[in-house]
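In what follows, chains carry the letters A, B, and so on, assigned in the order in which the sequence lines appear, proteins first and then strands, with residues in each chain numbered from 1.
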Amino acid sequence: MVKSSLTVKMIIEIIIKDLNSALAKLGYSKNDIKIAKCKNPEFGDFSSSIPLILAKIHKRSPIDIAHQIRDEMILSNNIIEKITATDPGFINFKISKKYYYSVLEEILNKNDFGKSSSGKNKNANVEFVSANPTGPLTIGHGRNAILGDVVSNILEWNGFAVTREYYFNDAGRQMRILSKSVKARYFEILDKPFNFPEDGYEGEYIKGIAKEIINDFGKELLSDDSIFKSFPEKKMFEHIKNTLRILEINFDEYSNEKAFYDNGEIEKLLNELKTKNLIYEQDGATWFKTSSLGKEKDRVFIKSSGEPTYRLPDTAYHRNKVERNFDLIVDVFGADHMDTYPDVILALDALGVQTNHIKVLLYQFVTLLRGGEKIKMSTRKATFISLNDLINEVGVDVVRYFFVMRGINTHLNFDLDLAADQSDKNPVYYLQYAHARICNIIKRVEKQSKNLSAYNPLLLDHESEIDLLKQLELFPNIVLSAKDLLEPQVIANYLQETAAKFHKYYANCRIITENEDLTLSRIALASATKIVLSNGLKILGIKAPEKM
RNA sequence: GCCCCGGUAGCUCAGUUGGAUAGAGCAACGGACUUCUAAUCCGUAGGUCGGAGGUUCGAAUCCUCUCCGGGGUACCA
């Protein structure tokens, strides 16, 4: 019997073991054998190119060696059904269908099929969004938010305990500009003299906040009233949090930069770097001697105005995260941060702080397209489409899917026409439709109140059925590799392929038939597909609809 | 100048331990609904994998050089 607890990894190990003993018997020296998946299923499931490598060493024909090894191999179990040797010198292994049938059983017994324990008892911190409350979230923040959330989900599916963290600074230059902008609009609306800052925010939302101040606090505020500082920040944060709520993103922790001044950690950090001789004063500013750590030039830590640059508090913040003993620390940054984090890592390294468990995810920019044309956007001029606008236009599921359907480090062209399209062109619906289709079929059979667990997997013999089973079997490995690469796209692509294989199956094989045994078997396969699709969609944070 | 990311079908993109015939969606064309959801399926067409060298039995994948696009290179974040 084939044990259902077997994994592909174990099967590969068995193949390697058997291969090695065959090689030893034939007198070949020990080799580092690699097993690869066959791209073309006609060859089998796995293959080894070891004959090609041996051919070189022994100056013999690779296909001869392949035949020789094939004839000499003794299988230590019945998982492998067939071994073949093919040109130019591959040995192929075909896995018995029984193995895949056992996977079917495993899926149906495990609603959380795909979950891995690779991160069990480990903690991860994922910092993302981290937008300062100076305005509505942009499309770029959207990509950041979805990536961060889905990466967190991926880690959770691998057993990690994840802290989703939002880091912000409500005391910097940008916050002052927000305050000044609102103040100017306040007095402008009241027809009083006003001074709109040169680099102020011109968006309509600024006027909205000013109006709210008039409503809540009256028309007689003086220009130095602290309301102008506290109120806009509060409103903007509410706005941001509301957008995140719509996207169903929940943070566990909000870290304020200010805390690291208050608790003295920034000063402590500075002093420690000083004792390492990495800090010096020049032109009234305090510099970090990155040049002595292999960088081209030094960086300013504290400006001559007395105000620190982001590098100093960021370093203190990251040390704080390291000190909180996470096994994995992930930062999700836009490509414009390319040059910022290496200095932080450098400073921490210099202080002997462990940094090799800090992973920085840099995603490339997002371009919005409408009618095939790029939409030009300027944050300051407020000629942008906010993340809120985008959600209102195309919906949460579409937004979430579009942000993970491309690789992190490729430019994302967000096609608004395609996203808003409620038809078959939209890849999100293709996926959800597969799930809804399955639900509908299951519902239909359930009405006949049959015993769904009494299925016979041996009846699943059609090519498209085996194909689908093999696809489902991959899911746990996909979840693992998404974790290793910290790349949500892996999940999105996999789900797209899984849906395609199901649709193909549906077209080829009628699920509900006159033959009750066959019906039950096919329903079992459909149910297993439903579990995988639903779990994958859960990781992406996208709804799995029962009907469409 | 230097650093990072990208360049694969008309368009948008997959393709990570180097493997056999380089894939998908959209767009184009042609088929399939008295049937469990046609938001689906099947077929046709479409390629010097930016270019040139190199490593190798074997390269979209690794190395070097080069061209093009994007981003960064602040006492902005």
Summary of side-chain hydrogen bond (donor to acceptor under 3.5 Å, both in side chains) pairs that have at least one residue in residues 510-519 of chain A, sequence neighbours excluded: A:Thr513-A:Thr519

Test of understanding: with side-chain hydrogen bond (donor to acceptor under 3.5 Å, both in side chains), list the residues that count as partners of A:Ser255, not counting sequence neighbours. A:Glu165

Side chain to side chain contact (heavy atoms under 4.5 Å, CB included) filter on A:Ser116, not counting sequence neighbours, yields A:Ser118, A:Asn158, A:Leu480

Taking only residues two or more places apart in sequence or in another chain, which ones pass side-chain hydrogen bond (donor to acceptor under 3.5 Å, both in side chains) with A:Thr355? A:Asp349

Base paired to B:rC2 (Watson-Crick or G-U; both N/O distances under 3.5 angstrom): B:rG72

Would you tell me if any nitrogen or oxygen in the side chain of A:Tyr430 comes within less than 4.0 Å of OP1 or OP2 on B:rC41? yes

Side-chain donor or acceptor of A:Ser304 under 3.5 Å from a matching atom on the base of B:rC75? yes

Give every pair of a protein N or O atom and an N or O atom of nucleotides 42-47 of chain B that lie under 3.5 Å apart, one pair per line with the distance.
{"from": "B:rC42", "atom 1": "OP1", "to": "A:Lys504", "atom 2": "NZ", "distance (Å)": "3.2"}

Along RNA chain B (nearest heavy atom to each residue), the more 5'-positioned of A:Asp283 and A:Glu497: A:Glu497

How many whole angstroms separate atom OH of A:Tyr506 from atom P of B:rC33? 14 Å

Solution key, residues 36-47 of chain A side-chain donor-acceptor pairs under 3.5 Å, sequence neighbours excluded:
{"from": "A:Asn40", "atom 1": "OD1", "to": "A:Glu42", "atom 2": "N", "distance (Å)": "3.0"}
{"from": "A:Asp45", "atom 1": "OD1", "to": "A:Lys470", "atom 2": "NZ", "distance (Å)": "3.0"}
{"from": "A:Asp45", "atom 1": "OD2", "to": "A:Ile95", "atom 2": "N", "distance (Å)": "2.7"}

Side-chain donor-acceptor pairs of residues 404-418 of chain A under 3.5 Å, sequence neighbours excluded:
{"from": "A:Asp415", "atom 1": "OD1", "to": "A:Asp417", "atom 2": "N", "distance (Å)": "3.0"}
{"from": "A:Asp415", "atom 1": "OD1", "to": "A:Leu418", "atom 2": "N", "distance (Å)": "3.1"}
{"from": "A:Asp417", "atom 1": "OD2", "to": "A:Gly371", "atom 2": "N", "distance (Å)": "2.5"}

Cut-off 3.5 Å, no hydrogens considered: what does the side-chain donor-acceptor table look like for residues 491-500 of chain A, sequence neighbours left out?
{"from": "A:Tyr494", "atom 1": "OH", "to": "A:Gln471", "atom 2": "O", "distance (Å)": "2.7"}
{"from": "A:Gln496", "atom 1": "NE2", "to": "A:Tyr401", "atom 2": "OH", "distance (Å)": "2.6"}
{"from": "A:Thr498", "atom 1": "OG1", "to": "A:Gln471", "atom 2": "NE2", "distance (Å)": "3.0"}
{"from": "A:Thr498", "atom 1": "OG1", "to": "A:Tyr494", "atom 2": "O", "distance (Å)": "2.8"}

Per the atom types in the model, does the base of B:rG6 pair as donor or acceptor with the side chain of A:Thr410 at under 3.5 Å? no

Among residues at least two apart in sequence or on other chains, which ones pass side chain to side chain contact (heavy atoms under 4.5 Å, CB included) with A:Ala528? A:Leu104, A:Ile107, A:Leu108, A:Leu472

Please list each protein N or O that sits under 3.5 Å from an N or O in nucleotides 20-22 of chain B, with the distance.
{"from": "B:rA20", "atom 1": "OP2", "to": "A:Lys39", "atom 2": "NZ", "distance (Å)": "2.9"}
{"from": "B:rA20", "atom 1": "N6", "to": "A:Ser47", "atom 2": "OG", "distance (Å)": "3.2"}
{"from": "B:rA20", "atom 1": "N6", "to": "A:Asn92", "atom 2": "OD1", "distance (Å)": "2.8"}
{"from": "B:rA20", "atom 1": "N1", "to": "A:Thr86", "atom 2": "OG1", "distance (Å)": "3.1"}
{"from": "B:rA20", "atom 1": "N1", "to": "A:Asn92", "atom 2": "OD1", "distance (Å)": "3.3"}

Which atoms of nucleotides 68-72 of chain B (N or O only) lie under 3.5 Å from a protein N or O atom, and what are those distances?
{"from": "B:rG70", "atom 1": "O2'", "to": "A:His411", "atom 2": "NE2", "distance (Å)": "3.0"}

Which pairs, with at least one residue in residues 300-317 of chain A and sequence neighbours excluded, count as a salt bridge (Lys or Arg N to Asp or Glu O under 4.0 Å)? A:Arg176-A:Glu307, A:Lys303-A:Glu307, A:Arg311-A:Asp343

